[in-house]
Amino acid sequence: MIRSFLSLCLASTALASFASVAHAAPPGYDKIDTVVVIYAENRSFDTLYGDFPGANGLANVSAEQARQLDRDGEPLTELPPAWGGLTGKGVTPAVTEAQTAHLANAAFAIDDPKGFNENAGVITRDLWHRFYQEQMQIDGGKNDKFVAWADSGAMVMGHYDGSVLPMWDIAKKYVLADNFFQAAFGGSFLNHIMLACACAPFYPHADTSPVKGQIAVVEPDGVTLKSADNSPTSALGGAPKFVNDGAITPDFYAVNTMQPPYQPSANKPAEGGDKALADPAQPTTLPPQHDITIGDLLSLKGVNWAWYSGAWQAALDGKNATPVPNFQFHHQPFNYFAAYAPGTAARAEHIKDGGLDGTEFIKAIDAGKLPAVTFYKPQGNLNEHGGYADVTSGDKHLADIVAHLEKSPQWQHMLVVVTYDENGGFWDHVAPPKADRWGPGNRVPAFIISPYARMGTVDHTQYDTTSILRFITTRYDLPVLPGLIARDKALRNNDQPPMGDLTAALDLTK
């Protein structure tokens, strides 16, 4: 309780310093009483929606735009094989590494019946999706070194015919945003934290802590990992090697996967220690974070909110079997913050069990009892993450959740945003807007679903994950998170337009 009180005091002090930037919601925003955010995993826009009618997709990509460069900046003569094969471990039938050799230097359809013929219901291998590598792949906006700085060879250039997915029809009915970017470079850990606070987590005194071996060795430009002496000079010779590809920046920000300091965590409690904590001596345990989150702002304003996590209680009970539910500990952002530590009232009120297969979340939907701001994270086998989940199963789950929301007693005044946390390492042809050191990263699919949606349209407005926080902030007249202010300033400094707040996809005059 002392920890909770101190965190609240810190939050209140910090809020006082920037509360003046809050403004009354413009007319029409109050028509939305319930905001629901559903966060899937690891797919770029082109990977699933590159063929969507009216979208900026693969039809707009020339051969030169898709062509990938080698590490020396010269065009690859062909794509390297998908090292280790195309499909995930234990998948039958498997597509072997040899079968992927000698592909043309271009994007390719994973599900092409005349090619690999592996539909979206097959689990493919995982790909690097890490903070520094993604910036190296983007290559200043050319998006031409995805193959060069990947550990999966040709796999990064693969895509699917998304028209067979149920969410495709939902996109046709409502709004598909085709200029929506992941908030941060890299993977799920950092992008989930960004959804919670528009900030990057910090590891104090990392150089004298258990994590000191994970401090990345970076070139003077601050975005390029230092290659090891034995790294292959060409992508055709194998995956790159680095002096130290760690989770921590040289100035001690945590940018690649770290584990929560509280249970459930992949790191067990210390022997003889508090069973509610993860062992702080483990090099992958992140210390508790103290930044202001969107949850803190909502609570201080008196707005009810919750983070529903599929299989949360199962994970707490030690029943996290693989492949089902395959709960992912680092996908639970509020479990990293001291304000939501075990034993706090805030944790009990705001971190909710979504149930196995989302059953508890669906019960709340059907009963019309969703909080005003609701986040939902599907369990691992339903989140679409490469390596352990397929696209089709997760997509069907998303569509089922949307169907329940459409029938909810709260539907008439609801905004639903379904998006992906990050690209999962998959190539996309659109250059992310240049902003701050954290991002945004690559383009991801996003659906804006509401009775107030501009039905059947593609929204080309520039958004990123923080656009969700922007809408919530404006709707509920909240102080603006420092990270949103910093991103706006960085965009301006780079002659980029500001991020939208999703309302271009809505008609709030109805």
Side-chain angles (χ1 to χ4, degrees), residues 35-50 52 55-57 129 162 165-168 170-196 198 294 307-310 328 331 333 358 361 373-378 382-386 389 391 394-395 397-399 401-402 405 414-424 426 428 430 432-433 439-450 453 457-472 484 487 499-506:
V35 179
V36 181
V37 181
I38 303 173
Y39 218 28
E41 287 283 312
N42 290 46
R43 303 288 165 175
S44 75
F45 187 91
D46 280 339
T47 301
L48 298 182
Y49 291 90
F52 194 86
N56 180 6
H129 39 281
L165 300 172
M167 286 300 293
W168 184 282
I170 291 171
K172 288 172 64 177
K173 180 179 179 181
Y174 294 104
V175 179
L176 179 69
D178 72 344
N179 203 25
F180 189 109
F181 300 87
Q182 63 188 73
F185 304 115
S188 299
F189 160 74
L190 182 54
N191 278 285
H192 280 74
I193 298 290
M194 278 282 180
L195 179 61
I294 193 69
W307 177 277
Y308 281 87
S309 183
Q328 299 296 302
H331 293 176
F361 179 55
V373 176
T374 299
F375 301 91
Y376 172 60
K377 185 68 194 183
L382 297 175
N383 69 19
E384 303 188 36
H385 192 297
V391 173
D395 204 81
H397 181 60
L398 295 178
I401 294 292
V402 171
L405 289 167
M414 183 181 288
L415 169 64
V416 181
V417 183
V418 180
T419 190
Y420 291 71
D421 64 337
E422 37 99 351
N423 69 325
F426 285 100
D428 188 272
V430 176
N442 283 289
R443 195 173 59 142
V444 292
F447 312 81
I448 299 161
I449 301 164
S450 173
T457 62
V458 176
D459 184 1
H460 306 302
T461 308
Q462 179 179 286
Y463 301 122
D464 70 3
T465 312
T466 70
S467 294
I468 298 167
L469 305 182
R470 293 168 193 274
F471 180 86
I472 294 169
L484 300 183
R487 176 142 299 176
M499 293 296 172
D501 70 352
L502 308 179
T503 51
L506 305 174

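Sequence positions, counted from 1, serve as the residue numbers for this chain.
In this structure, T503 OG1 and L415 CG are separated by 10.0 Å, a value rounded to the nearest 0.5 Å. The structure places OG1 of T465 at 5.0 Å from CZ of F180, a figure rounded to the nearest 0.5 Å. Taking CG of L506 as the start and CD1 of I449 as the end, the distance is 11.5 Å to the nearest 0.5 Å. A distance of 10.5 Å separates CE of M194 from CZ of F189, quoted to the nearest 0.5 Å. Here the straight-line distance linking atom CD1 of I448 with atom CG of L502 works out to 5.0 Å at 0.5 Å rounding. Here E384 contributes atom CD and D395 contributes atom CG; the two are 5.0 Å apart, rounded to the nearest 0.5 Å.
With contacts defined as side-chain heavy-atom distances shorter than 4.5 Å, the pair L195/P333 does not qualify. Residues Y308 and V36 have side chains not in contact (no heavy-atom distance under 4.5 Å, counting atoms from C-beta outward). Contact of the M499 side chain with the P433 side chain is registered, since non-hydrogen atoms from C-beta on lie closer than 4.5 Å. Under the 4.5 Å side-chain criterion, counting only non-hydrogen atoms from C-beta, I38 is in contact with L405. Looking at F426 and N442, their side chains never come closer than 4.5 Å, going by heavy atoms from C-beta outward.
In this structure, the side chain of S44 engages the main chain of T47 through a donor-acceptor pair within 3.5 Å. The closest donor-acceptor contact from the side chain of T419 to the backbone of P445 lies under 3.5 Å. With hydrogens and angles disregarded, a donor-acceptor distance shorter than 3.5 Å links the side chain of S467 to the backbone of G500. Judged purely by atom type and a 3.5 angstrom limit, D421 has no side-chain atom pairing as donor or acceptor with the backbone of H192. Although no hydrogens or angles enter the test, the distance criterion places no donor-acceptor pair under 3.5 Å between the side chain of R43 and the main chain of L48.
A453 approaches Y174 most closely through the heavy-atom pair CB-CD2, 4.1 Å. Annotation for S188 and H385: closest pair OG-CD2, 4.4 Å, computed over non-hydrogen atoms. The nearest pair of heavy atoms linking A505 to V175 is O-CG2, 3.6 Å. Here the closest non-hydrogen pair linking D501 and Y463 is N-CE2, 4.0 Å. Contact detail for F45 and N56: the closest heavy-atom pair is CE2-O, 4.1 Å. Scanning all heavy atoms of the two residues, the minimum distance from G186 to N191 falls at O-ND2, 3.6 Å.
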For V458 and F52, run side-chain contact (heavy atoms from CB on, under 4.5 Å): C-alpha distance rounded to whole Å, both residues' side-chain angles, the deciding distance at 0.1 Å, then the answer.
CA-CA 9 Å; V458 176; F52 194 86; 3.8 Å; yes
Apply side chain to side chain donor-acceptor pair (under 3.5 Å) to N179 and H460, showing your working.
CA-CA 5 Å; N179 203 25; H460 306 302; over 6 Å; no
How far apart are the C-alpha atoms of F375 and I294, what are their side-chain angles, what is the distance that settles it, and do they pass the side-chain contact (heavy atoms from CB on, under 4.5 Å) test?
CA-CA 11 Å; F375 301 91; I294 193 69; 4.1 Å; yes
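In this pair, F447 and Y49 present their aromatic rings perpendicular. The plane angle is above 60°, beyond the 30 to 60° band.
When each of R470, R487, Q182 is checked for a side-chain hydrogen bond (donor to acceptor under 3.5 Å, both in side chains) with D464, only R487 meets the rule.
Judged as a salt bridge (Lys or Arg N to Asp or Glu O under 4.0 Å), and not counting sequence neighbours, the contacts of R443 are D46, D428. Considering only residues two or more places apart in sequence or on other chains, E41 meets the salt bridge (Lys or Arg N to Asp or Glu O under 4.0 Å) condition with K377.
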